[in-house]
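First the proteins, then the strands, lettered A, B, ... as listed; each starts at 1. From a predicted model like this one, the values you see are computed outputs, not experimental measurements.
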Amino acid sequence: MTRNDKTDKIRVRFAPSPTGFIHVGNARTALFNWLLARQKGGVFVLRIEDTDLERSKPEYERNLIEDLRWLGLDWDEGPDVGGEFGPYRQSERLAIYHQHAQKLLEAGQAYYCFCSQEELEREREEALAKGRSPVYSGRCRNIPLEEARRRLNSGQQAAIRLKIPEEGLVRFSDLVRGEVEFDLKLIGDPIIVRSTGMPAYNFSVVIDDALMHITHVIRGEDHISNTPRQILLYQAFDWPLPVFAHLSMVMGQDNTRLSKRHGATSIDQFRREGVLPQALCNYLAFLGWSPPEGKEVLTLEELVSLFDLSRVNRAAAIFDYDKLYWLNRQHIKLLPRSKKLELALPYLREAGLVGDNIGPAEEQWLSQAVELLLEGVDKFSELPQKFSLIFDFNPEALDEEAKVIINTESARKVLKALVEKTSALSDFNYEVFARLTGEIKKETGIKGRDLYHPLRVMLTARASGLELDKFIPLIEEGARLKFPRPIKSSLERIREFASLLGIEPAGKPA
RNA sequence: GCCCCUGUCGUCUAGCCCGGCCUAGGACAUCGCCCUUUCAAGGCGGCAACACGGGUUCGAAUCCCGUCGGGGGCGCCA
């Protein structure tokens with residue numbers, strides 16, 4: 001019995017536990033659900049699975065919602081937006097679970113289990129040691145409901161277990177994996193309600209998915225072995241089965257489960273780094289999926305129209321930062337200039353390069369600078385570092401490469417010539433620079449790298465950076481503007497560098 | 001240990017279901033060249049894979065069996 005006849009709207013859900021920051025694996029699951037819903041005009045439900053009271057925290061729920069929204073996902077039903085099948089927080093659905101558990105109890109499909117956790121643990125270990133599957137013995141299976149209730153009333157604690165067939169096969173057709181089957185002999189009666197009265201995961205998901213009319217359960221592969229237990233529950237209630245799709249895991253570079261030591265793994269971290277949400281979604285979508293045509297840089301809208309669950313790969317994927325950052329660069333390029341500035345500003349502020357109030361001229365200049373310096377940047381957090389090319393000028397702290405460049409005879413000649421030619425100047429711009437370098441070239445015969453390289457070092461105190469025809473106009477204008485850290489003009493730089501090197505313009509002794 | 005899933009370049013993958021079009025395609029990374037006053041970007045090109053062993057077949061990356069590797073699960077966690 002499947003619910004998914006063509007007339008029904010597709011209803012999918014993302015059901016995270018608020019136990020920490022949302023990581024890329026979960027985000028990918030959320031994205032796939034969302035993509036399918038949006039493509040098919042279906043409904044995307046957000047449900048919070050907070051029945052683990054020890055680990056769940058309200059602020060995690062807020063973070064989670066914030067992260068999902070930042071990614072660009074939205075939901076039609078959820079704890080913050082409501083919906084006709086609410087509440088959408090499991091902690092607020094306890095009465096529903098209780099009621100359904102009672103139903104199973106009355107129908108003889110479930111029973112109270114009085115075994116202590118210590119006993120169970122011991123049996124489990126014994127089974128494992130003997131190489132058997134640790135299946136619950138079924139000791140409490142035949143305690144009559146009346147007797148169980150009496151014991152409960154006298155103060156004993158009990159969990160509730162689902163009574164499942166002792167043998168047989170549970171088979172289901174997974175949308176990404178095909179036919180999957182499990183042997184019931186290897187599955188014990190699962191606990192559906194803990195002795196604390198809280199529902200167990202396998203129980204609450206099924207109740208919620210069924211009551212919320214979820215048609216497609218798309219989740220991580222780590223849930224695949226829960227699926228038979230859940231199917232048994234659907235059957236106990238005589239509910240139609242949803243379609244299942246189990247996504248492979250996302251791994252770290254060393255092919256182990258992605259964790260902190262692999263670098264950034266939470267959505268929140270990527271946001272802070274200055275990775276664009278559309279780039280992250282683009283990358284996440286390519287973890288296990290690929291479009292029929294080769295195009296790889298895709299917007300969210302394109303992902304929505306191209307996505308296809310049947311093209312999802314079955315093998316686990318390793319998270320590749322290089323490719324993510326490459327995609328991010330591509331998406332950054334697509335941004336309009338004003339957006340680039342807007343996104344860059346917080347990073348520049350944090351680095352103390354700009355203040356809170358920016359004048360129009362400064363803003364204009366910054367926009368230009370961001371445009372130029374963003375070239376080849378993986379993520380926005382790298383921008384302040386790039387800006388130091390303009391804001392920091394330290395001829396005393398040259399790196400090895402720069403030192404090598406200026407420590408040749410011809411370099412000395414070039415530098416001395418520039419110092420002399422600029423010594424009387426009070427105005428400078430790129431045209432002047434071009435004219436002077438032309439003269440130097442003619443007078444000394446030095447050209448190409450040998451000419452420009454030393455000049456670059458003199459003006460930037462670095463061996464590499466922006467092209468000088470872009471750099472000089474930028475610092476000349478920047479030097480006239482107001483920034484917390486003033487920008488040195490070309491002439492200031494040349495003179496500072498010269499005095500450090502002990503180059504004095506002829507006819508003008510110290 | 002048992003169960004389930006999985007195995008194409010270093011990485012993400014196309015191809016696999018419906019054997020020949022595969023001398024296995026693309027992208028990232030890497031290497032080289034070009035462009036360029038440097039770097040980057042861009043352009044061009046190179047290196048690089050069907051885990052292994054058996055079948056089936058005229059023919060196998062594609063079908064079957066086995067081995068090995070990887071992952072997940074075996075909770076009163078989700």
Side-chain angles (χ1 to χ4, degrees), chain A residues 15-19 49-52 54-56 90 113 115-117 120-121 124 127-135 157-161 174 176-178 180-183 185-188 190-202 204-205 219-228 246 248-249 251 253 255-257 283 286-297 310-311 313-327 329 333 373 375-377 386 401-402 405 437 447-457 460 462-469:
Chain A
S17 308
T19 54
E49 308 213 323
D50 57 349
T51 53
D52 183 351
E54 311 209 335
R55 293 198 296 151
S56 299
Q90 290 192 327
C113 172
C115 298
S116 73
Q117 293 189 46
L120 294 171
E121 181 56 26
R124 229 176 63 86
L128 243 24
K130 283 183 190 155
R132 282 186 287 112
S133 212
V135 177
Q157 290 226 312
I160 303 175
R161 285 182 190 270
D174 190 291
V176 343
R177 267 151 235 285
V180 183
E181 62 175 43
F182 286 87
D183 189 342
K185 278 193 292 256
L186 303 167
I187 300 174
I191 287 187
I192 56 175
V193 178
R194 300 176 236 181
S195 53
T196 58
M198 287 302 266
Y201 167 77
N202 279 312
S204 50
V205 244
R219 69 218 319 185
E221 195 194 6
D222 47 342
H223 289 293
I224 201 165
S225 52
N226 284 319
T227 309
H246 288 95
S248 60
M249 305 274 87
M251 318 293 271
Q253 295 82 348
N255 218 303
T256 61
R257 223 174 168 157
Y283 180 69
F286 274 79
L287 243 29
W289 171 81
S290 62
E293 308 291 332
K295 196 176 173 201
E296 296 210 336
V297 181
S310 73
R311 285 185 65 86
N313 204 40
R314 295 186 298 254
I318 294 176
F319 194 89
D320 181 7
Y321 291 89
D322 282 334
K323 185 128 190 193
L324 167 65
Y325 291 137
W326 175 78
L327 273 172
R329 287 204 298 271
K333 278 188 199 162
L373 292 168
E375 192 93 336
V377 158
K386 285 275 188 176
E401 203 185 341
I405 290 170
T437 50
K447 57 181 183 179
R449 298 170 66 113
D450 292 338
L451 173 63
Y452 287 98
H453 237 144
L455 295 177
R456 158 178 299 286
V457 174
T460 68
R462 282 173 178 73
S464 67
L466 272 183
E467 286 108 329
L468 292 177
D469 60 342

Side-chain N or O of Arg329(A) versus OP1/OP2 of A29(B): is the shortest distance under 4.0 Å? yes
Only distances under 3.5 Å count here; give the side-chain donor-acceptor pairs of residues 449-456 of chain A to other protein atoms, sequence neighbours excluded, each with its distance to 0.1 Å.
from	atom 1	to	atom 2	distance (Å)
Arg456(A)	NH1	Leu466(A)	O	3.2
Arg456(A)	NH2	Leu466(A)	O	2.6

If only side-chain N and O atoms of Arg124(A) are considered, is one of them under 4.0 Å from the OP1 or OP2 phosphate oxygen of G75(B)? yes
Protein-proximity profile, nucleotides 9-14 of chain B, B/S/- by nucleotide at the 4.0 Å heavy-atom cutoff, equals --SBSS
Pairing nucleotide - C68(B), Watson-Crick or G-U, each distance under 3.5 Å: G7(B)
Those residues that, when tested against Glu49(A), pass side chain to side chain donor-acceptor pair (under 3.5 Å) (two or more places apart): Arg47(A), Gln90(A)
Partners of Glu293(A) by salt bridge (Lys or Arg N to Asp or Glu O under 4.0 Å), sequence neighbours excluded? none
Please list, chain by chain and in numerical order, all residues satisfying side chain to side chain donor-acceptor pair (under 3.5 Å) with Asp320(A), sequence neighbours excluded. none
Between Arg194(A) and G75(B), is there a contact of a side-chain N or O with OP1 or OP2 at under 4.0 Å? no
Once ring-ring contact (aromatic ring centres under 6.0 Å, His included) is applied, do any residues pair with Phe286(A), and if so which ones, sequence neighbours excluded? Trp289(A)
Please produce a list of atom pairs where a protein N or O lies less than 3.5 Å from an N or O of nucleotides 42-52 of chain B.
from	atom 1	to	atom 2	distance (Å)
G42(B)	OP1	Lys333(A)	NZ	3.3

Please list, chain by chain and in numerical order, all residues satisfying side chain to side chain donor-acceptor pair (under 3.5 Å) with Thr227(A), sequence neighbours excluded. Arg219(A), His246(A)
Generate the contact string for nucleotides 60-69 of chain B. Rules: B means base contact, S means sugar-phosphate contact only, - means no protein heavy atom under 4.0 Å. ----------
Using the test side chain to side chain donor-acceptor pair (under 3.5 Å), find all partners of Arg462(A) that sit at least two apart in sequence or belong to another chain. Ser388(A)
Sequence neighbours excluded, which residues qualify as salt bridge (Lys or Arg N to Asp or Glu O under 4.0 Å) partners of Glu121(A)? Arg124(A)
By salt bridge (Lys or Arg N to Asp or Glu O under 4.0 Å), Asp52(A) pairs with (sequence neighbours left out) Arg55(A)
